[in-house]
Amino acid sequence: ETGVTQSPTHLIKTRGQQVTLRCSSQSGHNTVSWYQQALGQGPQFIFQYYREEENGRGNFPPRFSGLQFPNYSSELNVNALELDDSALYLCASSPGQFTDTQYFGPGTRLTVL
Amino acid sequence: SQQGEEDPQALSIQEGENATMNCSYKTSINNLQWYRQNSGRGLVHLILIRSNEREKHSGRLRVTLDTSKKSSSLLITASRAADTASYFCATVFNQAGTALIFGKGTTLSVSS
């Protein structure tokens, strides 16, 4: 059984650009959540997908969008990058829509200059 | 906004000592979870305690939950250098399946 993987590990972008981060869920997991973690803070919930449909969203603007694919891989897209978007982006998968424990990937460190 | 708040923010102890960190939360919960994060990387699930449980053990970990005070504590006994990490409590954001709401974390440093 493979764990949750994310790519790339690190990324540097400039303000105004767009970025796509990728996540491969743990085998058999149909729910994926994305989190943003600023330095020194706890992770903040961005949104969750269940069977390719958005299942809930945190307090993030529409320029944060996502996709989940039939093979349960997923993407986080951020448009019009701002300096404050610099953070560690974590995805987490779980085997069901109402399964409490989540399994996290190692994260993508995004730096916006 | 943060649901849980951990206390203390930072904790430094010697190997072999016990480490206790606390979490307070704001709304009613179905369960509370604790996660560990090493060096700003991914989080690892440690333990889940349900709202009808008062105490739970897993290896060197002991978690308590007091729903009347909306608080939980995580005790790590006989700490090791490898326990050095940030520890977060998390509750479920009920409006979004099982999305987790995290506190700011406690940074534990265990020196040998």
Side-chain angles (χ1 to χ4, degrees), chain A residues 3-7 9-10 23-26 29-51 53-60 66 68 86-111, chain B residues 1-10 21 23-27 29-53 56 58 63 65 72 74 85-107:
Chain A
V4 179
T5 59
Q6 292 186 244
S7 62
T9 304
H10 296 90
C23 172
S24 179
S25 296
Q26 191 161 322
H29 288 191
N30 56 20
T31 302
V32 65
S33 304
W34 284 90
Y35 296 85
Q36 179 196 65
Q37 186 178 21
L39 202 60
Q41 301 293 315
Q44 297 277 318
F45 171 68
I46 303 174
F47 44 59
Q48 183 177 81
Y49 279 80
Y50 170 68
R51 292 187 174 179
E53 297 287 331
E54 188 176 292
N55 189 40
R57 190 177 184 92
N59 189 27
F60 281 80
Q68 185 184 31
S86 294
L88 181 68
Y89 288 85
L90 298 159
C91 78
S93 70
S94 55
Q97 186 180 13
F98 298 105
T99 304
D100 295 321
T101 300
Q102 298 191 11
Y103 299 84
F104 283 79
T108 293
R109 173 73 62 185
L110 173 65
T111 302
Chain B
S1 62
Q2 307 285 157
Q3 158 76 311
E5 292 292 337
E6 289 90 346
D7 171 63
Q9 287 188 320
M21 48 205 89
C23 167
S24 60
Y25 56 91
K26 299 174 183 175
T27 63
I29 59 171
N30 293 325
N31 66 68
L32 185 141
Q33 304 176 46
W34 286 89
Y35 286 79
R36 184 187 73 218
Q37 184 177 38
N38 290 87
S39 303
R41 301 304 287 171
L43 283 80
V44 175
H45 178 261
L46 295 176
I47 195 165
L48 180 153
I49 186 166
R50 302 201 179 277
S51 59
N52 61 353
E53 298 176 307
K56 198 165 183 179
S58 177
V63 170
L65 180 65
S72 174
L74 171 67
S86 293
Y87 292 82
F88 297 90
C89 67
T91 55
V92 173
F93 179 38
N94 289 318
Q95 295 177 33
T98 56
L100 297 172
I101 305 298
F102 289 87
K104 292 185 179 181
T106 292
T107 299

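Chain naming here is simple, since letters A, B, ... match the order of the sequence lines and numbering starts at 1 in each. Values below: every heavy atom of this structure, side chains too, minus hydrogens, waters and symmetry copies.
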*For chain A, which residues from residues 41-51 of chain B lie under 4.5 Å away (heavy-atom distances)?*
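Those residues of residues 41-51 of chain B which have a heavy atom under 4.5 Å from chain A are B/R41, B/G42, B/L43, B/H45, B/L48, B/R50.
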*For residues B/Y35 and A/Q102, report the shortest heavy-atom separation together with the two atoms involved.*
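Nearest pair, atom of B/Y35 first, then A/Q102: OH-N, 3.2 Å.
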*Does A/Y89 have any ring-ring contact (aromatic ring centres under 6.0 Å, His included) partners at least two apart in sequence or in another chain, and if so, which?*
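Listed in chain order: nothing, the list is empty.
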_ring-ring contact (aromatic ring centres under 6.0 Å, His included) against A/Y49, all qualifying residues, sequence neighbours excluded_ =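 A/Y49: ring-ring contact (aromatic ring centres under 6.0 Å, His included) contacts with A/F47.
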*With a 4.5 angstrom heavy-atom cut-off, which part of B/Q37 approaches chain A: side chain, backbone, both or neither?*
side chain
*asked:* Checking B/E53 now: which residues fulfil salt bridge (charged side-chain N to carboxylate O under 4.0 Å, His left out) with it, not counting sequence neighbours?
replied: none
*Heavy-atom distance under 4.5 Å to chain B: side chain of A/E54, backbone, both or neither?*
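Looking at A/E54, nothing touches chain B.
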